[in-house]
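Report on the structure given below.
Naming: A, B, ... by sequence-line order, numbering from 1 per chain.
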Amino acid sequence: MAAIPGRRFPRPWRSGEGLLVLPALLFYLAVYLYPLSRIAAWSLFERGFTLKFYRELLDEPMYFRALGNTLEISFLSTALCLLLGYPLAYLMATTSARARSALMVLVLIPFWTSILVRTFAWMVILGNNGMVNRTLMALGLTGAPVKLLFNMLGVQIGMVHVLLPFMVFPLFAVMSGIDPNILRVARSLGAAPRRAFRHVFLPLSLPGIAAGCVLVFLLAVGFYVTPALLGGPGQITLATMIEMQINTFLNWGFAASLGIVLLLVVGGIFAAFSTLLGIGRLTGEA
Amino acid sequence: MRNEMPAIGAEARRRRGAVVLRALAKRYANFAAVDGIDLELAAGEFVTLLGPSGSGKTTTLMMVAGFTPPSEGDILLEGRSVAALAPERRNIGVVFQNYALFPHMSVEQNVGFPLRMRNQPSRTIAEKVAGALRLVRLEGLGGRMPKQLSGGQQQRVAFARALVFDPDLLLMDEPLGALDKNLREQMQFELKRLHAELGVTILYVTHDQEEALTMSDRIALMNGGRIVQLGTAEDLYERPNSRFVAEFIGESNVIEGRLEDGAGFVAVGGARFPAPCQKAGDPTLMVVRPEKFSLAPPGTPGIPGVVAGLVYVGDFTRYLVDVEGGLRLIVKVQNRRTADRARDGERVALRLDPADARLLNA
């Protein structure tokens, strides 16, 4: 509680920060930096240095559309996850211990099956002859099947379903760290519940919002299975394009250049985001 | 000092804030956290709820603040019932042990928060915030964030924030509990000064009896969800009404026995003590504070005993004295003259003024 900066407890043996981070660093060098450098190399070399993959990419508007689709799907998924996840995390952070563990299990259940299985399940449920449409028609709410698949709606249903836990957990972690006495004090100082929420709880939960959004957006950008299976022609993502280049055309160099472009665009978005909010918010030390 | 604080002092010094708790209770399925308490605070009074953990003192405070709905009873503030009002409509300041400052707001923003919530004009807010920070001697730190302040400074911010809107009542839940001993004593003094200057009614919760004894006008000693004794520090120390009070507040010799005609109080083991009244009958406990005894040479009038151990504490010495029937008594003697001191194993006579003994029904 006291304002003493620095370490919380002394390390039991003497060692520099460098030594402690070394194992993680080596791991990342081997499984991340090396392959990434190979991908960058594929996109730039084909019997000598060439920019032809990137030129090809710039010449064809289809790839821009795929990039746009990817970003649109990702932003929308992030926004929907926040919209659904915030109240859920708030409930988890403020309810009784028993209700909290029940909610926790419910949030985790989707993790127990593979994404592929879940995505196919959605196809069964949302299809023209699926459970949802049959119910709607039986109730007389609609005459013909509503189109729930192979469009943005289907993609978002499938993606939000998969990504929601990644929004809920960072939010919950930050929210459950907020001292309940702070909210009590806000009330006693004259803030009605809504104002206490807006002036105190919401700003204190911002690090959780930032962490959850970053996590969900990053996962959404790289999503392949769900948009590919539940989306239509309007939801062709860069990940789908990459898959096509490799599996269908065996064009590794071009696929690599698409990957690099995606990496740069996402990196740029985060650079802008963090200067806008301050990097502290993103790393959760607001 | 007085000319510095017209902004928040003027109204408060009118001495508002009479509080009445009437049969207040908080019952859960299988136990009562607060089991029906009655308590009246005069306007401007400093009353402490003292008790061991789990005695219901914090629950009582939470009910008065409006954070916990009472299951029974009523809370009156200046004669009107506030039991059904939301916390933000009670005009009560609250200070917690962990300060509960808003970490995302500067000191000024923290202190100005209650005024902003009351939609006061920004010029008024600035003036009152400056006045409140002067009052708690934090001038010039308004721009800091709470994290940049020491524990004592953070607690002062919490005081300023709870006082700046001129509340009818100030509730404090172990506000000094997180501070180290020296700082705590300094803040006790500060708090007394604020109380004297502002005349605000204070309901204070602590488990620290020394804090309660030195700061309060009156103390309500709580145990098991009830007030077991209500009175001044002197009432509780000199005239405890039960074994619990005698043992919780300070040190006590609690002696079991009975009153006998002409023989005073006879302990279970047979030792005889002078008693404040001579009527045989009901009382079965006698309470004697250790410093009420004095030591005299053996053979002189008094209760004969043997020193079974002693601890030299500087200004006084604590003796353990065994008397007839294996009864061991604690005796505290001021070290005024070296000649007065007894040695370990020495025979002594214990003197006791009957007026200093207290008889209780078990």
Main-chain N/O of B:Ser71 paired to B:Lys26 side chain as donor or acceptor, under 3.5 Å: no
At what distance, to the nearest 0.5 angstrom, does CG of A:Leu218 lie from OG of A:Ser74? 9.0 Å
When you measure from the side chain of B:Glu78 to the backbone N and O of B:Gly17, does any donor-acceptor pair fall under 3.5 Å? yes
By residue number, those in residues 91-106 of chain A with heavy atoms under 4.5 Å from heavy atoms of chain B are none
Would B:Arg161 pass as a cation-pi partner of B:Phe102, given that its NZ or CZ must be under 6.0 Å from the six-membered ring centre and within 45 degrees of the axis? yes
Pair B:Glu88 + A:Arg195: basic N to acidic O under 4.0 Å: no
Sort by residue number and list every member of residues 170-194 of chain A having a non-hydrogen atom under 4.5 Å from chain B. A:Asp179, A:Asn181, A:Ile182, A:Arg184, A:Val185, A:Ala186, A:Arg187, A:Ser188, A:Leu189, A:Gly190, A:Ala191, A:Ala192, A:Pro193
Do the ring planes of A:Tyr28 and A:Tyr32 sit parallel (below 30°), tilted (30 to 60°) or perpendicular (above 60°)? perpendicular
Pick one of side chain, backbone, both or neither for B:Leu179, based on which atoms fall under 4.5 Å of a heavy atom in chain A. neither
Which of parallel (below 30°), tilted (30 to 60°) and perpendicular (above 60°) describes A:Phe270 and A:Phe217? perpendicular
Residues of residues 110-119 of chain B near chain A, each having a heavy atom less than 4.5 Å away: B:Phe113, B:Pro114, B:Arg116, B:Met117, B:Arg118, B:Asn119
Rounded to the nearest 0.5 Å, how far apart are CD of B:Glu174 and CG of B:Leu61? 10.0 Å
Check: A:Thr70 side chain, A:Leu238 main-chain N or O, donor-acceptor pair, under 3.5 Å: yes
Between B:Tyr204 and B:Phe46, how do the two ring planes meet: parallel, tilted or perpendicular, split at 30° and 60°? tilted
Pairing residues for B:Thr124 by the side-chain hydrogen bond (donor to acceptor under 3.5 Å, both in side chains) criterion, not counting sequence neighbours: none
Quick one: do B:Glu127 and B:Arg123 make a salt bridge, cutoff under 4.0 Å? no
Inspect the contact between B:Glu190 and B:Arg156 and indicate whether a charged nitrogen and a carboxylate oxygen are less than 4.0 angstrom apart. yes
